[in-house]
There are 2 protein chains.
Amino acid sequence: VIELTQVSKVYNGGAAQTALDGISMSVASGEFVAVMGPSGSGKSTLLNMVAGLDRPTSGRVCVGGRDLTGLSEGELAKFRRTHVGIVFQFFHLLNDLTVLDNVLVAAELAGIKRSAARQQATALLARLEIADKADVYPAELSGGQRQRVAIARALVNRPPLLLADEPTGALDSRSGDQIMELIAAINASGQTVVLVTHDAKLAARHAQRVISMSDGRIVDDAVLEPA
Amino acid sequence: VIELTQVSKVYNGGAAQTALDGISMSVASGEFVAVMGPSGSGKSTLLNMVAGLDRPTSGRVCVGGRDLTGLSEGELAKFRRTHVGIVFQFFHLLNDLTVLDNVLVAAELAGIKRSAARQQATALLARLEIADKADVYPAELSGGQRQRVAIARALVNRPPLLLADEPTGALDSRSGDQIMELIAAINASGQTVVLVTHDAKLAARHAQRVISMSDGRIVDDAVLEPA
Ligand SMILES: Nc1ncnc2c1ncn2[C@@H]1O[C@H](COP(=O)(O)OP(=O)(O)OP(=O)(O)O)[C@@H](O)[C@H]1O
Ligand SMILES: Nc1ncnc2c1ncn2[C@@H]1O[C@H](COP(=O)(O)OP(=O)(O)OP(=O)(O)O)[C@@H](O)[C@H]1O
Ligand SMILES: [Mg+2]
Ligand SMILES: [Mg+2]
């Protein structure tokens with residue numbers, strides 16, 4: 001469902017920074033792939049390419065059979081609403097909206113009817129044990145609570161493709177395990193998952209395949225043997 | 001150097017939220033204490049009390065022999081500049097300043113002369129392997145790079161007390177280990193460290209004592225046996 005062909009991303013600030021250096025990779029529908037690598041190796045940039053949130057300097061990005069490279073911003077945003085759930089590394093919650101509204105916005109933008117959206121959002125918040133926070137604002141939440149709101153928002157429209165950038169970084173072990181069980185259940189129901197994580201055990205336990213990055217390149221791509 | 005006496009913090013939004021519930025604890029000068037607990041248990045709120053960034057609803061907070069409860073905001077800010085280094089859970093970098101200036105600001109506010117501040121800042125950035133990022137802005141950094149800038153800023157004024165809220169959450173294992181070695185070295189030179197972490201191994205490896213929190217209370221306070 002994802003096909004990257006010689007994708008490079010060079011940022012041009014004071015000094016050119018190559019975040020991705022000629023990456024080619026593919027992910028099949030229904031796969032669970034972990035992406036690992038040192039800080040600054042290009043993991044978040046890679047997810048941004050796949051999500052159409054940023055454009056490559058060169059190369060081609062195809063997701064769900066579509067070449068994202070030629071789409072306009074409006075077409076990209078529409079594509080994302082219905083095809084991709086994203087858990088950002090630093091959550092990107094909307095500070096002026098309550099927890100419930102942060103999640104509802106994602107569902108409604110995906111075209112889900114209000115009553116169904118509300119039902120799904122409420123169920124997700126309950127499953128993530130933050131239902132009691134539905135009416136509070138992001139500034140009134142702990143770090144881990146914010147992370148879970150971001151996760152609910154990414155999952156509410158039941159995306160065919162979930163991109164999760166360190167979804168357990170701000171969570172204690174038990175909450176992190178709950179999140180991973182939820183993500184694994186989503187994958188088991190057919191959705192494709194790409195998980196960026198620094199936690200090798202987490203990757204080994206859930207992913208079928210681990211892509212390793214270093215300095216903007218893929219340096220390893222290993223299918224894991226089932227336990 | 002830290003003495004909390006029956007400290008409670010209740011936030012009054014739509015519904016009262018008790019973040020801290022009658023906490024009493026003390027930390028001696030030179031100790032390395034880890035604070036652990038589930039998401040929402042009050043860890044960041046606790047650090048905010050000790051740092052004088054927030055006020056308790058009731059109770060008393062003494063740090064470095066001073067009762068913070070009665071200080072004005074200006075006195076609290078001055079106290080922090082010279083006594084406390086804080087690594088925030090979500091970094092709180094100043095987006096309009098470069099990496100180097102983010103770190104320099106902390107040093108200069110602590111009264112360190114410009115040439116010494118520059119020298120210390122540059123040395124820290126090099127040790128944290130982000131010297132090549134000195135002239136870029138926070139928006140141009142990866143998550144782990146931002147975290148390391150926050151760490152450099154917290155350490156540059158060599159505070160007697162370091163409060164670190166999940167300082168390795170956004171880092172790969174190797175970078176995380178580097179950070180912890182740096183913090184351990186700081187503690188070995190006499191500075192007091194309070195480390196919030198979700199990583200039990202990290203706590204066991206570096207801290208002498210682990211305080212466990214749940215629902216705004218301290219539920220365990222265990223001195224670790226030296227390895
Ligand atoms: N907007 C930007 N402008 C300039 N450089 C950038 C930008 N975004 C990222 N970079 C640089 O590109 C490189 C890759 O960044 P990226 O965020 O993809 O890394 P990462 O693997 O996610 O790291 P981490 O584990 O620290 O989150 C880094 O060196 C970073 O400084
Ligand atoms: N500004 C605020 N207004 C209202 N409630 C708040 C505020 N800050 C924190 N809280 C609530 O107080 C409780 C404790 O929050 P705190 O941030 O201290 O938790 P934490 O232990 O650091 O959690 P995490 O591991 O998720 O970072 C949480 O339930 C949180 O929702
Ligand atoms: Mg990243
Ligand atoms: Mg916290």
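Chain letters run A, B, ... following the sequence lines, proteins first and then strands; every chain starts at 1. All values below come from the heavy atoms of this structure, side chains included, with hydrogens, waters and symmetry mates left out. Nothing here was measured: the structure is a model prediction, and the numbers come from that model.
Using a 4.5 Å cut-off between heavy atoms, B:Q89 contacts chain A through its side chain alone, with no backbone atom that close. For B:Y11, no part sits under 4.5 Å from any heavy atom of chain A, backbone or side chain. With a threshold of 4.5 angstrom between heavy atoms, B:F91 approaches chain A through side-chain atoms but not through N, CA, C or O. Of the two parts of A:K43, neither the backbone nor the side chain holds a non-hydrogen atom closer than 4.5 Å to a non-hydrogen atom of chain B. Of the two parts of B:S175, only the side chain, counted from C-beta on, holds a non-hydrogen atom closer than 4.5 Å to a non-hydrogen atom of chain A. The contact between B:Q17 and chain A is made entirely by side chain atoms (from C-beta outward), counting heavy-atom distances below 4.5 Å. Contacts between B:S39 and chain A at a heavy-atom distance below 4.5 Å involve backbone atoms as well as side-chain atoms.
Between B:A152 and B:L125, the closest heavy-atom pair is CB-CD2, 4.0 Å. Closest heavy-atom contact between A:L97 and A:N102: O-ND2, 3.1 Å. When all heavy atoms are compared, the tightest approach of B:M213 to B:L46 is SD-CD2, 3.9 Å.
With chain A as partner, the option from B:R174, B:R148, B:Q147, B:M36 having the largest number of non-hydrogen pairs under 4.5 angstrom is B:R148. Note: B:G143 leads B:G37, B:G143, B:G144 in heavy-atom pairs under 4.5 Å with chain A. For the options A:E129, A:H198, A:R146, heavy-atom pairs under 4.5 Å to chain B are most numerous at A:H198. Per-residue counts of heavy-atom pairs under 4.5 Å with chain A were compared for B:P38, B:S173, B:G169; the largest is that of B:P38. Counting heavy-atom pairs closer than 4.5 Å to chain B, the top residue among A:A19, A:A170, A:G42 is A:A170.
Within the model, atoms CE of B:M49 and CG of B:L20 stand 6.0 Å from one another, a figure rounded to the nearest 0.5 Å. To the nearest 0.5 Å, atom CD of residue A:E166 and atom OG1 of residue A:T197 are 5.5 Å apart.
Under a cut-off of 6.0 angstrom, the local environment of CZ in B:R60 is sparse, with at most 12 non-hydrogen atoms contributed by other residues, nucleotides or ligands.
Salt bridge present: A:R205 and A:D177 bring a charged side-chain N and a carboxylate O closer than 4.0 Å.
Using cut-offs of 30° and 60° on the angle between ring planes, the pair B:F90 and A:F90 is perpendicular.
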